[in-house]
Amino acid sequence: VIVPQSGIFAVGTSAHCFLEFTCHDGISAAELVHALADLEAPHTTVGGTNLVIGVRPSRWEQLRPDAMPAGVHDFDDPIVGIEGFSMPATQCDGWVWVAGAARDGVFDVSKAVIAAMAPVAGVTTEATGWAYQHSRDLIDFEDGTENPSLSEAPEIVLVPAGQPGEGSSVLLFQQWSHDAAAWTALSDEQQEKVVGRTKDGSIELDDATQAPDSHVSRTVIENDEGVELDIFRRNVPYGTVTDYGTMFIGFSFEPERMTRMLRRMAGTEGGVRDALTRYTTPLTGAYYVIPEVGSLAAFATPEDDS
Ligand code: HEM
């Protein structure tokens, strides 16, 4: 049975920890994926904690070339845009997202994850995420309005049946730091022009008001037949009062969609830079394969061996 990693769709959690791992010298892809596959969320009956696990595309390819989602690759090169703007490439080997209802549970599980990974890999980046005003990001706009519903999301997120990597997904992971002073110096109306939606009600601006450099204008993409190409976003606010931003968490079975959005935001495609990039700066950027549960579990320590 093909089982996707369910945490991708587990919306509504308010406590998050994001960890990226880099392997120690000499650690093989098999050793890395074995350690990732052995991580297990505790089975609690109240307030469960989810794990979502990702593997560097080139490492997964070494082990399962037959189960690679089409078009996926490491985030090896920065996306160089116009006006000196660029998005860094900071690919790591493994990615773990711990999410739950309470900060203490997420903290404990994250510590256990780091300890379990320690023989093969160390933590390269860490971020603590939390829910702000239910579903707002820290520019104080609702995030996720145009997301597909949970019933539509699987067909956007998961590699379709019969294709290599069936039931797996590809994640784009970027940490964006906000320039709070510059953002809050704008009026509500100016902020709405940057995003392309209203602050209250998250209503899309009409064609006359929608600017070509708004975030909405840059991230709505279509195929050759004019059909909109969606992704599934699970963005999470992170940080402290003086240093905060957005963890961009995007899933699609077709990673080119996300690469195109990044190129359009940077102005590499279309020649217009997303106005949001004047107020938020990407600090990291990586792609991860999110393997289907069975294909990951195949690398875990067999239960009767322990
Ligand atoms: C600081 C980083 C970011 C912030 C704060 C942010 C925030 C937002 C907000 C407030 C919206 C409008 C509400 C909604 O439909 O969800 C939105 C829409 C969207 N964003 Fe972002 N975003 C960020 C980065 C990105 C990146 C890196 C991508 C793509 C790789 C992206 C793709 C999209 C897409 C596809 C939409 C929906 C457009 C539509 O169909 O109307 N965003 N974002």
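Counting convention: from 1, in listed order, for ligands and their atoms alike. From a predicted model like this one, the values you see are computed outputs, not experimental measurements. Numbers here are sequence positions counted from 1.
- Against a heavy-atom cut-off of under 4.0 Å, L262 is close to the following atoms of ligand 1: 27 (C), 30 (C).
- Under a 4.0 Å heavy-atom criterion, L276 is in contact with ligand 1.
- With respect to the salt-bridge test (charged N to carboxylate O, under 4.0 angstrom), the residues R197 and E204 qualify.
- No side-chain donor-acceptor contact under 3.5 Å links D137 and N235.
- Aromatic pair W176/F248: ring centres not closer than 6.0 Å.
- Among the atoms of W176, none of the N or O lies under 3.5 angstrom from an N or O of ligand 1.
- Contacts between V220 and ligand 1 below 4.0 angstrom, taking non-hydrogen atoms only, involve the side chain exclusively.
- Those atoms of ligand 1 that come under 4.0 Å of a heavy atom in R197, given as number and element, are 12 (C), 13 (C), 41 (O).
- In terms of protein heavy-atom proximity, atom 15 (O) of ligand 1 is closest to E146 N, 2.9 Å.
- Considering only non-hydrogen protein atoms, atom 21 (Fe) of ligand 1 sits nearest to H215 NE2, 2.0 Å.
- Using a 4.0 Å cut-off between a side-chain N of Lys or Arg and a carboxylate O of Asp or Glu, R56 and D74 qualify as a salt bridge.
- Contacts of V216 with ligand 1, taken as heavy-atom pairs under 4.0 Å, involve the side chain alone.
- Counting non-hydrogen atoms of neighbouring residues, nucleotides and ligands closer than 6.0 angstrom, the CD atom of E256 exceeds 12 such neighbours.
- At the top of the distance list for atom 38 (C) of ligand 1, counting protein heavy atoms only, stands T219 OG1, 3.6 Å.
- At a 4.0 Å heavy-atom cut-off, ligand 1 touches E142 through the backbone alone.
- Atom 14 (C) of ligand 1 has T145 N, 3.2 Å as its closest protein atom, hydrogens excluded (heavy atom only).
- Checked by atom type, the side-chain pair Y288/E20 shows a donor-acceptor distance below 3.5 Å.
- Of the protein's non-hydrogen atoms, R233 NH2, 3.3 Å is the one closest to atom 37 (C) of ligand 1.
- Heavy-atom contacts from other residues, nucleotides or ligands closer than 6.0 Å to CD of E189 number 12 or fewer.
- Side-chain N/O atoms of T301 and D38 include a donor and acceptor closer than 3.5 Å.
- When heavy-atom distances to ligand 1 are checked against a 4.0 Å cut-off, L172 comes that close only through its side chain, counted from C-beta outward.
- In this structure, D213 and R273 approach most closely via the heavy-atom pair CB-O, 3.4 Å.
- Heavy-atom proximity to G144, at under 4.0 Å, picks out these atoms of ligand 1: 14 (C), 16 (O).
- Contact of the T22 side chain with the C92 side chain is registered, since non-hydrogen atoms from C-beta on lie closer than 4.5 Å.
- Judged purely by distance below 3.5 Å, without hydrogens or angles, the side chains of T240 and D243 never pair a donor atom with an acceptor atom.
- Interface of F141 with ligand 1, defined as ligand atoms under 4.0 Å from a residue heavy atom, comprises 10 (C).
- Atoms of ligand 1 found under 4.0 Å from any heavy atom of T280 (numbered from 1 in listed order, with element): 1 (C).
- For G250, the closest heavy-atom approach to ligand 1 does not fall below 4.0 Å.
- Each of the following atoms of ligand 1 lies closer than 4.0 Å to a heavy atom of M261: 29 (C), 30 (C), 35 (C).
- The aromatic ring centroids of F173 and F18 lie less than 6.0 Å from each other.
- If you take CG on L36 and CD on E31, they are separated by 12.0 Å, rounding to the nearest 0.5 Å.
- Shortest contact from atom 31 (C) of ligand 1 to any protein heavy atom: F248 CE1, 3.4 Å.
- The Q174 neighbourhood of ligand 1 comprises atoms 27 (C), with distances under 4.0 Å to a heavy atom of that residue.
- Contacts between D137 and ligand 1 below 4.0 angstrom, taking non-hydrogen atoms only, involve the side chain exclusively.
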